[in-house]
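The block underneath contains the structure these notes are about, expressed in structure tokens.
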Amino acid sequence: MTGDRILDRTLAGRMTSAAEAAEQIGPGETVGFSGFTGAGHPKAVPAALAARMRAAHADGEEFRVQAWTGASTAPDLDGVLAEAHGLSKRLPYNGDPLLRQQINSGEVEYVDVHLSHVAQHSWFGFYGDLDVAVVEVAAILPNGLLVPTSSVGNNKTWLENADRVILEVNSWQPRGFEGFHDIYYGTRLPPQRAPIQLTTPMQRIGDPYLRVDPEKVVAVVATDHPDRNSPLRPLDEDSRAMADLLVDFLRHEVRNDRLHPSLLPLQAGVGNVANAVLAGLQDAEFEHLTAYTETIQDGLLDLLDSGKLIGVSSTSFGLSEEGARRFNDDIHHYKGRILLRPQEISNHPEVVRRLGLIAINGMVEADIYGNVNSTHVAGSAIVNGIGGSGDFARNAYLNFFVSPSTAKNGAISSIVPFVSHVDHTEHDVQVVITEQGLADLRGLSPRARARKIIDRCAHPDYRDRLADYFERAQRERPDAMHTPHLLGEALSWHRSYLETGHM
């Protein structure tokens with residue numbers, strides 16, 4: 001394993017097994033793990049740590065830790081720690097179903113944070129001390145510099161702030177990753193902050209490597225395990241319809257001189273609709289596209305391969321198994337056209353606003369006035385988290401929120417009188433799209449937004465009821481016509497779903 005992977009003599013001398021490395025993590029400690037959207041997370045140490053937790057619990061001893069990451073990880077991190085009942089607190093984003101269940105049952109505390117905020121809040125001391133960092137790398141160079149892997153996330157911050165560091169050197173990750181990363185070390189704490197000098201998506205402002213104080217490295221573990229490469233669902237009719245609506249709207253903006261024919265840098269959230277939009281751009285007339293996003297899905301690789309996309313900046317991959325194989329087998333083909341940055345830069349509000357992004361993100365529901373819920377079911381149960389959607393939507397040049405108009409075979413309407421949880425206020429939402437249609441909310445008053453959302457985005461099974469609610473709210477609240485609501489009814493659709501299984 002040492003070969004071309006572990007070239008620093010000092011750190012090579014600290015190689016050990018995953019089980020021995022896990023002994024460096026104690027009960028009650030806070031651990032910063034690498035990983036973002038199933039990419040670049042440690043694979044061996046979490047399993048060994050979970051085994052220690054199960055053994056401690058069998059002996060009647062408490063053994064849980066707080067876990068910080070970049071975003072969601074995989075069954076071999078969040079999953080195994082949840083199965084071992086080994087987590088007391090988790091931040092900032094989770095996608096594991098068992099851990100979600102434990103969060104919603106109250107077993108695990110969950111801090112849902114804008115992804116651009118995590119690193120700076122850690123530096124500010126808002127979350128307390130970081131005891132251990134467990135970070136995956138592709139190689140350790142002779143001078144101790146680290147070659148990152150398929151995600152950067154918060155790794156830079158964890159390596160800097162942790163008291164102790166465990167490195168997993170994963171030979172599944174291509175050695176050719178060297179040179180794909182741009183790690184910015186220029187962030188400062190207030191009041192010493194300076195502007196981030198990034199003016200184009202593919203501009204380099206940092207170093208290709210992560211740095212670590214060798215004195216803090218207590219263990220180096222050799223691994224050979226793949227990322228969580230999630231299969232993509234086949235595109236359905238609803239996804240294609242929403243993609244077509246969005247692409248046609250971009251054409252409309254170009255015709256009206258609000259967008260250049262090469263558009264602006266694209267940001268697309270994770271999921272089927274985002275991939276459908278990217279597929280739609282493949283067949284559209286737009287050329288010389290760029291992307292400044294947080295996750296690279298298969299659709300962005302397709303656009304790179306076709307030449308439609310000339311470069312993409314991100315913090316992580318989120319590929320299918322086939323997409324990961326395609327990238328790993330031909331990694332040098334993508335060098336110079338893909339940059340991976342820390343998420344505090346990929347999601348940085350200042351940079352997002354300066355570059356003027358086109359942001360495309362999913363939602364759970366929107367209400368008739370344009371407030372969007374992207375995290376909760378029926379106001380209380382978390383789904384995954386806000387992720388980076390707030391970072392991008394609030395600061396984008398143009399933002400879209402997309403969702404099918406119904407869920408659960410029509411039992412749930414994605415357009416409701418009032419959202420049960422607000423992640424993106426009406427002030428931050430520009431365009432809402434369902435398979436039924438598109439509502440451009442820019443420059444509209446609340447009542448004008450309501451008419452457009454009901455008419456264009458609501459499913460026909462719910463449209464008349466929404467219109468009836470809106471009309472009655474106006475009649476019964478003549479003194480409150482700016483955003484008329486019937487407070488006794490505003491959440492009645494959600495209550496009905498909880499009581500009967502149908503809105």
Side-chain angles (χ1 to χ4, degrees), residues 104 112 238 241-242 245 273 361-383 386 389-390 393-394 399-503:
N104 285 322
D112 186 20
D238 287 352
M242 288 183 277
L245 287 163
V273 175
N361 288 283
M363 63 182 184
V364 174
E365 61 184 359
D367 66 32
I368 59 176
Y369 296 114
N371 299 293
V372 166
N373 165 24
S374 60
T375 61
H376 284 69
V377 173
S380 298
I382 192 78
V383 182
I386 195 168
S389 58
R394 170 164 284 190
N399 72 55
F400 299 86
F401 283 96
V402 296
S403 170
S405 63
T406 62
K408 300 290 185 183
N409 297 315
I412 295 174
S413 173
S414 298
I415 307 299
V416 293
F418 196 16
V419 289
S420 59
H421 177 91
V422 180
D423 291 294
H424 311 279
T425 73
E426 60 183 289
H427 314 291
D428 299 330
V429 178
Q430 294 177 328
V431 183
V432 173
I433 303 178
T434 72
E435 84 288 353
Q436 298 296 320
L438 178 150
D440 180 3
L441 308 180
R442 295 173 298 177
L444 299 184
S445 67
R447 286 187 294 152
R449 289 198 298 267
R451 294 186 183 97
K452 188 165 283 192
I453 290 172
I454 292 169
D455 292 344
R456 299 191 179 181
C457 297
H459 191 278
D461 290 350
Y462 292 94
R463 193 173 295 148
D464 288 347
R465 289 177 57 204
L466 287 165
D468 174 68
Y469 172 88
F470 178 54
E471 295 303 325
R472 287 188 296 109
Q474 292 179 93
R475 288 197 306 269
E476 295 182 27
R477 297 297 308 276
D479 60 333
M481 289 290 282
H482 179 64
T483 310
H485 265 303
L486 301 174
L487 294 183
E489 273 187 53
L491 296 174
S492 62
W493 291 29
H494 300 88
R495 186 176 66 246
S496 176
Y497 174 71
L498 292 175
E499 292 173 352
T500 70
H502 201 292
M503 283 187 170

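Between the side chain of R394 and the backbone N or O of D428 there is no donor-acceptor pair closer than 3.5 Å. In this structure a side-chain-to-backbone donor-acceptor pair under 3.5 Å is present from E435 to S405. One N or O on the side chain of Q430 and one on the backbone of N399 form a donor-acceptor pair closer than 3.5 Å. A donor-acceptor pair is defined here as one N or O able to donate and one able to accept, closer than 3.5 Å; such a pair exists between the side chain of T434 and the backbone of C457. Side chain of N371 to backbone of E426: a donor-acceptor contact under 3.5 angstrom is found. Looking at T375, its side chain never comes within 3.5 Å of a backbone N or O of I386 through a donor-acceptor pair.
Separation of atoms NE2 (H459) and OG (S414) is listed at 10.0 Å; rounding is to 0.5 Å. Taking CZ of R475 as the start and CE of M481 as the end, the distance is 10.5 Å to the nearest 0.5 Å. Annotation: the span from L245 atom CG to R456 atom CZ amounts to 10.5 Å, rounded to 0.5 Å. Taken to the nearest 0.5 Å, the CG atom of L441 stands 4.5 Å off from the CD1 atom of I453. Atom CG in D112 sits 4.5 Å away from atom CD1 in I382 (nearest 0.5 Å). Taking CG from D440 and NZ from K452, the interatomic distance works out to 5.5 Å, rounded to the nearest 0.5 Å.
Proximity of V419 to V372: side-chain heavy atoms (C-beta onward) are nowhere separated by under 4.5 Å. P460 is listed as a side-chain neighbour of Q436, based on a closest heavy-atom distance under 4.5 Å. No side-chain heavy atom of P417 sits under 4.5 Å from any side-chain heavy atom of E489. Looking only at side-chain heavy atoms (C-beta outward), I368 and R449 stay at 4.5 Å or farther from each other. Side-chain atoms of T483 and F418, non-hydrogen and from C-beta on, never get closer than 4.5 Å to each other. No side-chain heavy atom of R477 sits under 4.5 Å from any side-chain heavy atom of H485. Considering only heavy atoms from C-beta on, H421 stays 4.5 Å or farther from V364 through its side chain. Between M363 and V432, the closest side-chain pair of non-hydrogen atoms falls below 4.5 Å.
By the neighbour-count criterion of 12 heavy atoms within 6.0 Å, atom CZ of R465 is densely surrounded, having more than that number from other residues, nucleotides or ligands. R447 CZ: more than 12 foreign heavy atoms inside a 6.0 Å radius.
Partner of E365 under the side-chain hydrogen bond (donor to acceptor under 3.5 Å, both in side chains) criterion, out of S403, S420, S374: S420 alone.
The two residues M503 and W493 have their closest heavy-atom pair at CG-O, 3.4 Å. Nearest heavy-atom pair, Q474 versus P484, reported as atom, atom and distance to 0.1 Å: CG-CG, 3.8 Å. Across all their heavy atoms, N104 and S380 have their closest contact at OD1-O, 4.1 Å. Between F401 and G362, the shortest heavy-atom contact is CD2-O, 3.8 Å.
Ring planes of Y369 and F470: perpendicular class, angle over 60° (limits at 30 and 60°). Relative ring orientation between Y462 and H502 is described as parallel, the plane-to-plane angle staying below 30° on a 0-90° scale split at 30° and 60°.
Using a 4.0 Å cut-off between charged nitrogen and carboxylate oxygen, D468 and R472 count as a salt-bridge pair.
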